There are 2 protein chains.
Amino acid sequence: MTNTVPGAGRRAPSCVTGLRERKKQRTRGALARAAMELFTTQGYEATTVDAIADRVDVSQRTFFRYFAGKEDAAFVVDEIVEEHYVAAVRDRPAHEAPMEALRGAIRETWQELFAAVHELVPAELHMRMYQVVESTPALLAVRLRRQAQLEQRITEVVARREGLDPRTDLRPQVLVAAFSGVVRTASQAWGQHADVSPETMRRSLERHLAVFGPELLGGWRAS
Amino acid sequence: MTNTVPGAGRRAPSCVTGLRERKKQRTRGALARAAMELFTTQGYEATTVDAIADRVDVSQRTFFRYFAGKEDAAFVVDEIVEEHYVAAVRDRPAHEAPMEALRGAIRETWQELFAAVHELVPAELHMRMYQVVESTPALLAVRLRRQAQLEQRITEVVARREGLDPRTDLRPQVLVAAFSGVVRTASQAWGQHADVSPETMRRSLERHLAVFGPELLGGWRAS
DNA sequence: AGTCAATTGTCAGCGACTGACATAAACTCC
DNA sequence: GGAGTTTATGTCAGTCGCTGACAATTGACT
């Protein structure tokens with residue numbers, strides 16, 4: 001089902017591990033890693049697609065057969081994390097309230113984040129890449145769009161958990177939007193932090209989540 | 001202070017209305033309107049910068065002296081709305097709780113939205129343009145980035161209202177992020193609506209805001 | 001081994017964008 | 001109102017992201 005990109009062959013099974021399929025996965029991984037290394041060292045704009053392709057000894061044309069655009073090579077990690085997150089929300093115990101489930105899922109996801117990605121890219125590179133995306137306008141825009149799409153998927157999952165139709169009952173949509181906004185501030189704050197480590201990441205998340213309670217919506221002067 | 005873009009002259013006052021300045025504003029407006037007309041009729045990707053420039057009888061190079069990129073011509077309206085919103089939050093009565101102030105400000109802004117923009121572009125074009133941005137991935141990404149930047153500004157304003165330092169106290173940041181997420185779902189839902197009118201816009205906003213209360217963060221099963 | 005399908009490189013071309021230079025227009029001051 | 005100085009504009013050449021088309025190579029299956 002999940003083909004490694006170039007031409008979804010009409011009869012190709014693509015899930016079994018033929019020599020061909022392994023080769024494709026290797027090239028794709030190599031391209032992604034090469035791209036990230038160049039992006040983090042030279043900057044995104046200063047890196048040409050030719051440079052990425054040369055580093056893997058393929059033609060520029062081949063790069064574009066694996067990635068629809070230069071940007072996409074920067075989001076292979078995000079892609080994995082997104083899948084983990086969706087699965088995590090889905091697998092949360094049914095008795096949890098929606099907000100609890102989201103909180104638990106994001107904690108899980110961020111906890112296992114580096115382990116899940118480790119095979120593809122070293123943690124060091126991954127963290128620097130996160131900052132590159134945050135500080136490059138063109139990439140940041142794409143990340144935010146991806147997260148907006150992710151919100152849609154999460155909304156579906158939450159609605160199903162509660163047995164609601166998201167078009168009728170707006171609560172899933174609204175909760176997910178608000179919650180995602182909060183998570184984004186947490187990751188943003190973490191990205192600006194000088195010491196980017198799994199530990200500071202966890203702490204940033206908890207600090208932001210702690211504030212997001214019913215008291216936030218009322219007056220603050222009494223506090 | 002607000003120069004119309006081509007070369008910020010070292011001695012040019014640029015706030016007074018010289019013949020030169022008026023001419024620039026006219027071409028800038030004409031370029032923006034031409035761009036929006038083409039974007040809404042042919043689609044964003046199918047519209048070339050040459051086509052936009054030709055329609056205003058200037059060279060392609062001149063277009064890029066007024067707008068840093070093809071995208072930017074699509075966001076002159078958003079820019080105005082953003083300014084209105086910031087001002088609206090700032091001018092809210094000091095006794096209002098942060099959440100109240102944000103709610104009031106967004107209502108105000110959306111109410112006067114079409115009137116505020118009317119001089120630059122007709123309402124019809126404006127609304128169709130909104131949908132074009134929502135349905136064009138490249139443009140949607142930019143809009144989301146702009147809104148993220150807007151959140152930062154609003155956070156500053158809210159923090160100042162409450163006499164807080166946004167780096168110490170995370171509440172402004174977190175509230176604004178959550179609230180902005182909710183507003184975004186409202187505008188998104190409106191954009192997908194078949195009948196895009198000021199009336200349906202207001203209703204979408206109220207429906208989404210109504211859901212965003214303390215009950216949302218707890219369990220829903222009791223309801 | 002031979003056939004078939006799928007990946008790859010090469011090439012030509014489009015569109016977004018930029019720096020450099022020359023021209024023409026508007027502003028300034030006398 | 002004319003001389004000199006900014007400042008906007010057009011032209012040109014060039015880079016980079018990206019795509020379609022074709023031919024050559026390589027893996028897969030019998």
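All values derive from a computational prediction rather than experimental measurement.
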For [X], give me all partners under salt bridge (Lys or Arg N to Asp or Glu O under 4.0 Å), at least two apart in sequence or on another chain.
X: B/E37; result: B/R55
X: A/R107; result: A/E206
X: B/R160; result: none
X: B/R202; result: none

Strand contacts (DNA chain D) in residues 68-77 of chain A, 4.0 angstrom heavy-atom criterion:
A/A68, A/G69, A/K70
Which is it for B/F212 and A/R171 under the side-chain contact (heavy atoms from CB on, under 4.5 Å) test, yes or no, and what are the steps along the way?
CA-CA 8 Å; B/F212 186 48; A/R171 287 179 295 179; over 6 Å; no
Quick one: side chains of residues 72-84 of chain A, donor-acceptor pairs under 3.5 Å with protein atoms, not counting sequence neighbours, listed by atom name and distance.
from	atom 1	to	atom 2	distance (Å)
A/D72	OD2	A/G69	N	2.8
A/D78	OD1	A/R143	NH2	3.3
A/D78	OD2	A/R143	NE	3.0
A/D78	OD2	A/R143	NH2	3.4
A/E82	OE1	A/R146	NH2	3.3
A/E82	OE2	A/R146	NE	3.1
A/E83	OE1	A/R153	NH2	3.3
A/E83	OE2	A/R153	NH1	3.0

B/Y66 vs D/dT9: side-chain N/O to OP1/OP2 distance below 4.0 Å:
yes
About how many Å separate CG of B/L140 and CD of A/Q149, when rounded to the nearest 0.5 Å?
8.0 Å
With sequence neighbours excluded, what pairs up with A/Y66 under the ring-ring contact (aromatic ring centres under 6.0 Å, His included) test?
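Counting only residues at least two positions away or on another chain, A/Y66 forms no ring-ring contact (aromatic ring centres under 6.0 Å, His included).
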Output yes when a side-chain donor or acceptor of A/S180 lies under 3.5 Å from a complementary backbone atom of A/E151, and no otherwise.
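No, A/S180 side chain to A/E151 backbone: no donor-acceptor pair under 3.5 Å.
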If you only use heavy atoms from C-beta on, which nucleotide in [options] is closest to the side chain of [X]?
X: B/R61; options: C/dT10, D/dT11, D/dC18; result: D/dT11
X: B/S59; options: D/dG10, D/dT9, C/dT10; result: D/dG10
X: B/P6; options: D/dA21, D/dA8, C/dT7; result: D/dA8

Can you give each donor-acceptor pair under 3.5 Å made by side-chain atoms of residues 108-119 of chain A, sequence neighbours left out, with the distance rounded to 0.1 Å?
from	atom 1	to	atom 2	distance (Å)
A/E108	OE2	A/R92	NE	3.4
A/E108	OE2	A/R92	NH2	2.7
A/T109	OG1	A/A105	O	2.7

Looking only at heavy atoms, what is the nearest atom pair of A/A53 and A/L31, with distance?
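In this case the closest contact between A/A53 and A/L31 is CA-CD2, 4.4 Å.
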Can a donor-acceptor pair be found between the side chains of A/Q152 and A/Q173 at a distance below 3.5 Å?
yes
For nucleotides 23-27 of chain C, list the nitrogen or oxygen atoms of the protein found under 3.5 Å from its nitrogen or oxygen atoms, one pair per line.
from	atom 1	to	atom 2	distance (Å)
C/dA26	OP1	B/K23	NZ	3.1
C/dC27	OP1	B/L19	N	2.6
C/dC27	OP1	B/R20	N	2.6

Under the rule for side chain to side chain contact (heavy atoms under 4.5 Å, CB included), what residues qualify as partners of B/A159, not counting sequence neighbours?
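Residues passing side chain to side chain contact (heavy atoms under 4.5 Å, CB included) with B/A159: B/P166, B/P172.
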Five pairs per end, C1' atoms only: what is the angle between the end axes of the helix from C/dA1-D/dT30 to C/dC30-D/dG1, to 10 degrees?
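Taking five pairs per end, the axes differ by 20°.
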Check each residue of residues 46-57 of chain A for a non-hydrogen atom within less than 4.0 Å of any atom in DNA chain C, then write out the ones that pass by number, or none.
A/D57
